[in-house]
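Order of the sequence lines sets the chain letters (A, B, ...), proteins ahead of strands, with each chain counted from 1.
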Amino acid sequence: MLLQSIVNGILFGAVYATIGIGFSLVWGVMNIINVAHGSFIMIGAYLSYTFYTAFGLDPFLSIPLNMVILFAMGYLIQKFVLNRVVRGSVFITLTFTFGLQILIANICLLIWSADYHSIKLSYSSAGITIGSIVIPLVRLGIFLAALVLTGLFYLFMRRTKIGVAINATALNFEGAKTVGIDVGNIYAITFGVSAALAGAAGALISPIMSVNPFLGGSLVGKAFVIAILGGLGSTIGALAGGMVLGLVETVGTVFLPSSFQELLGFLVLVLVLVFRPQGLLGKRFYE
Amino acid sequence: MKRKIIIPALLMLLFISVPFVFSGFWVRLITYILMFSVLASALNIISGFTGYAAFGNMVFFGLGAYTTAVLMSKGGFAFFPALLLSGAIAVVAAVLLGMLLLRLKGHYFALGTLGAAEAIKYTVENLTGLTEGGQGITVPPLRGSPAVVNGFFYFFMLLLLIAILVVAWRISKNRLGYAFKAIRANEQAAGVMGINTTRYKIISWSLSAVFTGITGSVYAYWFSYIDPPTVFDVMWVIKMFVMILIGGAGTVFGPVIGAFILETISELVWSRFINLHLGMLGLIIILVVLFMPNGLISLVTTGRGLKDIIKNLHRGTESRL
């Protein structure tokens, strides 16, 4: 029972990592807490659902499609709207992204109705049994896909020119401008990449969670926790944060009633904020 | 000098006459707007005056509402003692949370308050023995004819609003307010100048909390049924922030103006289109933040006309990249 929940926690923790990386990227680079991040994941899940029901496309195969669509959406939002307020105070940008979140929730409500939608895959009950532990194939696939995405993102930030430019802009805004980086464009790309990761995360959760227009709100709460746990701007930190949240939630419910699951996450958030604001692994990176 | 007396006197007369002139629907609607005016004004003290974005401020509303509900339904308390205790609990919570969270700055504080508010919401939900948990709790309602009940809550909210406006007005003119504003402008410098920043931040948040908690208490008695998702709803705080933005942050009357504008539009226009209600609110939030983050009051204080602002829309604000 305990072992099984540890396995479940680690498997789902990788998805949490994907969610946290996109969220903390925007926060770290532009100093924006994007409350709509959960809604982007939700859009991803809806897209996968739609591709599956309309064309029979497996959710794992809709990952790249989701990423392209969400990248475009994120890029445009940042380029034409968010760049206009990005230098504002906390409560300007935070209120703004809240507005975006409920706008998206309402649009999804109009398109997909308030019903719960879920995908039932033909191989959803298949699994590998090791001793007393069962590893469902779907969850294993999700885990591996999330790890691959995390690895690709890590390489993108380290090895590509755009990735380096994003890092440079995050570390020194004025300096980046001086050396000729188009910061407006870099901001738009950053937001696009974050949204693309959210889109991928949406595809990953679609076979195991049902989606409704209010899913975005609860997912963004998780993103807060993961980002704070991992520390800003650190891919490895987000991976660790995701795993920790996954474990805290699944293992916690072995000892406590499941209604405490949400409580635990937020409790961890507050404690880490107060006692280790630089994250579990991270150094003090920004500010 | 004459205008300074006549306008408030006329406004007072207008507000006092509401329950005697309008029907029950309107009295309840205006009571609701008054409630949001109090809440937004209370949030304005910590966020507008002092510059700390307390996105978890609903925690005091929820605690106040639940204190009253539990005391009245389980403890046999009358409303007024329960109300006073609700205010006290809110202050205690603000001092304790403040000691933990007010050390954090900017986004970290905002997230910390959100996290604490959610954690407390789930705690209330899990204390089923005391709070009845997620199914909500009923409060013994005020007995009397609808007109009397409506009038009672109307005048109660009106009194609360007058009280917080007097407090905000006094603060904006005295030492306390200068300390708050100094913290907002530059906390480090304020500390160097000899302001005990921690103490003033906690005072500021406690002031905000006591009004929010008492409003929560009145809400519980008024609606006579509450549940955790409603009284701890983060969306309410977002609405308050939008009201503050519409009216003008850090001003005395801005939040009230914002509350009247937003809630009037919301109740009269969108409530007819239930499917679009949320989306319209989202759109308004985005437009307000994009085009008038300094609020309507800035039209008066800066002397810039509405025409100027419309002419300069494409340029954006100082928050632009």
Residue selection (most heavy-atom pairs with chain A, distance under 4.5 Å) from Phe241(B), Phe55(B), Phe109(B): Phe55(B)
Ile33(A), part contacting chain B, at a heavy-atom distance under 4.5 Å: both
Part of Ala110(B) within contact of chain A (heavy atom distance under 4.5 Å): side chain
Heavy-atom proximity to chain A below 4.5 Å, by part of Val234(B): side chain
Arg84(A) to Phe96(A), cation-pi by 6.0 Å centre distance and 45° axis angle: no
Contact summary for Glu125(B) and Pro228(B), nearest pair of heavy atoms: OE1-CB, 3.7 Å
Heavy-atom pair count under 4.5 Å with chain A, highest-scoring of Ile244(B), Leu283(B), Ile120(B), Ile286(B): Ile286(B)
Part of Leu110(A) within contact of chain B (heavy atom distance under 4.5 Å): side chain
Closest non-hydrogen atom pair, Met235(B) against Phe98(A): CE-CD2, 4.5 Å
Side chain, backbone, both or neither of Leu109(A) within contact of chain B (heavy atoms, under 4.5 Å): side chain
Chain B contacts, top residue of Val35(A), Thr95(A), Ile102(A), Leu103(A) (heavy-atom pairs, under 4.5 Å): Ile102(A)
Ala249(B) versus chain A, the contacting section by heavy-atom distance below 4.5 Å: side chain
Heavy-atom pair count under 4.5 Å with chain B, highest-scoring of Leu267(A), Leu263(A), Val270(A), Ile32(A): Leu263(A)
Structural part of Leu245(B) lying under 4.5 Å from a heavy atom of chain A: side chain
is_close_aromatic(Trp236(B), Phe61(B)), centroid dist under 6.0 Å: yes
Atom group of Ile104(A) that falls short of 4.5 Å from chain B, counting heavy atoms: neither
From CA spacing to verdict: side chain to side chain donor-acceptor pair (under 3.5 Å), Asn44(B), Ser41(B): CA-CA 5 Å; Asn44(B) 191 37; Ser41(B) 301; over 6 Å; no
Parallel, tilted or perpendicular: rings of Phe40(A) and Phe191(A) (30°, 60°): perpendicular
Under 4.5 Å from any heavy atom of chain A - which part of Leu104(B): side chain
Residue part contacting chain B, namely of Val268(A), when any heavy atom lies under 4.5 Å: neither
